[in-house]
Amino acid sequence: MVARRLFLFVISLFICSQTFGQHSDESSRIKQLNIYQDSLASLGKKIVNDENDLERKNANYQFIKTLVSALKINNSFLFPFDSVKNISILNSPDNRFRIMSWHVMNQDGSYRFYGTIQLNSGGPLKMFPLEDYSPLLKNPEDSVTDNRKWYGAQYYKIIPVYAQKPYYVLLGWKGNTVKSTKKVLEILSFNNGDKPTFGMPVFDGNGKSRKRVIFEYTRQVSMLLRYVSDQNLIVFDHLAPPDKKMKDQPETFGPDLTYDGYKLKNGRWVYVENLDMRNIPSNSDAEYVDPKKQAAKDKSLIHSN
């Protein structure tokens, strides 16, 4: 009897010490991730707000190194990094992966995009860095690429499509030049070994199939691009030139108060014209907000109060 009690006592001590060790490890892990998060938040502000082009780029270089170090911590997939405001972090609805994307503005008013896809590996880091190849893609609407030849954008929505070959539609903002802005409907799928592929010919309309859809319009206006989940519908402003003579100058385009869309049918997206927005619910999907514009807006609000 004594031996049995002693055995149970030793077992309970062992379990308690293991539990304490696990709590201690978890606490240490979260503390380390929070330290990285603070550094990323500080660098992110510099990337967005610093007036010096070289300083923004140096901050971004440090940001990438710090982010990779943070993601290498075991089970980092579960950490939201929600204090880092310059970066968009989207988890896929099936929790298979998350995609992080952000931009750096160049001195000439153009943009370069950065990002990574982190798979939910349940342990050691499995990620695919995204390298912006935009300037070298001659026909981006007809191109299938990988993570090394990414058509860079900052994403704000993931739509899973459970077709014969499952894929995801990404809605993204793509600042372009001092004259124009772009938005994009991107397709992300995964091949053998979970390797990401961008682009798929699933957008049907105007007599052709597109592998991704790109919208370009004047930088002076905003464009609606959002997903209406209960109708399986992507809605967007119809863009038109201010004058027919400018039909080949997309940097002059703007919304003409009509709406078009893509409707999901049998795993493909079919183009529809002249949507009646009275039948479309009010916007519940947050559109991308440029951090620099938001920071300027916040600053003006502070000064006005």
Do we see a donor-acceptor contact under 3.5 Å between the side chains of [X] and [Y]?
{"X": "Thr197", "Y": "Asn191", "value": "yes"}
{"X": "Tyr168", "Y": "Asp94", "value": "yes"}
{"X": "Ser101", "Y": "Gln154", "value": "no"}
{"X": "Gln62", "Y": "Ser39", "value": "no"}
{"X": "Asp260", "Y": "Tyr271", "value": "yes"}
{"X": "Asn274", "Y": "Thr258", "value": "no"}
{"X": "Ser143", "Y": "Asn139", "value": "no"}

If hydrophobic clusters are built from ILVMFWY residues whose side chains come within less than 4.5 Å, do [X] and [Y] share one?
{"X": "Ile87", "Y": "Leu125", "value": "yes"}
{"X": "Tyr151", "Y": "Ile158", "value": "no"}
{"X": "Val184", "Y": "Ile99", "value": "no"}
{"X": "Tyr133", "Y": "Ile214", "value": "yes"}

Side chains of [X] and [Y] in contact at under 4.5 Å (non-hydrogen atoms):
{"X": "Arg29", "Y": "Ile73", "result": "yes"}
{"X": "Leu233", "Y": "Val272", "result": "yes"}
{"X": "Thr181", "Y": "Trp173", "result": "yes"}
{"X": "Met100", "Y": "Leu71", "result": "yes"}
{"X": "Leu170", "Y": "Tyr156", "result": "no"}
{"X": "Asn176", "Y": "Glu216", "result": "yes"}
{"X": "Leu239", "Y": "Met223", "result": "yes"}
{"X": "Leu224", "Y": "Asp237", "result": "yes"}

- Task: Using ring pair (Phe, Tyr, Trp, His ring centres under 6.0 Å) as the criterion, list what pairs up with Tyr259, not counting sequence neighbours.
- Result: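 Listed in chain order: nothing, the list is empty.
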- Item | Set of residues satisfying ring pair (Phe, Tyr, Trp, His ring centres under 6.0 Å) with respect to Phe215, sequence neighbours excluded |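 If we apply the ring pair (Phe, Tyr, Trp, His ring centres under 6.0 Å) test to Phe215, skipping adjacent residues, the hits are Phe236.
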- Query: Is Arg56 paired with Asp53 through a side-chain N to carboxylate O contact shorter than 4.0 Å?
  - Reply: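 Looking at Asp53 and Arg56, the cut-off is met.
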- Thinking salt bridges, do Arg212 and Glu141 make one under a 4.0 Å N-O criterion?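 So Arg212 does not pair with Glu141 through a salt bridge.
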- Derivation and outcome, salt bridge (charged side-chain N to carboxylate O under 4.0 Å, His left out), residues Asp194 and Arg96: CA-CA 10 Å; Asp194 287 327; Arg96 180 181 183 184; 2.8 Å; yes
Please check: side-chain N/O of [X] versus main-chain N/O of [Y], any donor-acceptor pairing under 3.5 Å?
{"X": "Lys149", "Y": "Asp132", "result": "no"}
{"X": "Asp243", "Y": "Lys245", "result": "yes"}
{"X": "Lys244", "Y": "Pro241", "result": "no"}
{"X": "Thr66", "Y": "Leu40", "result": "no"}
{"X": "Tyr167", "Y": "Gly267", "result": "yes"}
{"X": "Ser69", "Y": "Lys65", "result": "yes"}
{"X": "Asn147", "Y": "Pro129", "result": "yes"}
{"X": "Arg219", "Y": "Thr177", "result": "yes"}

Between [X] and [Y], is the ring centroid distance below 6.0 Å?
{"X": "Trp102", "Y": "Tyr111", "result": "no"}
{"X": "Phe203", "Y": "Tyr262", "result": "yes"}
{"X": "Tyr61", "Y": "Phe63", "result": "no"}
{"X": "Phe77", "Y": "Phe97", "result": "no"}

- Query: Partners of Lys265 by salt bridge (Lys or Arg N to Asp or Glu O under 4.0 Å), sequence neighbours excluded?
  - Reply: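 Applying salt bridge (Lys or Arg N to Asp or Glu O under 4.0 Å) to Lys265 gives none.
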- Item | Ser134 vs Lys174, side-chain hydrogen bond (donor to acceptor under 3.5 Å, both in side chains): CA-CA, chis, key distance, verdict | CA-CA 10 Å; Ser134 304; Lys174 187 174 176 64; 2.7 Å; yes
Near [X] [atom1], under 6.0 Å, is it more than 12 heavy atoms from other residues, nucleotides or ligands?
{"X": "Leu257", "atom1": "CG", "answer": "no"}
{"X": "Lys57", "atom1": "NZ", "answer": "yes"}
{"X": "Lys247", "atom1": "NZ", "answer": "no"}

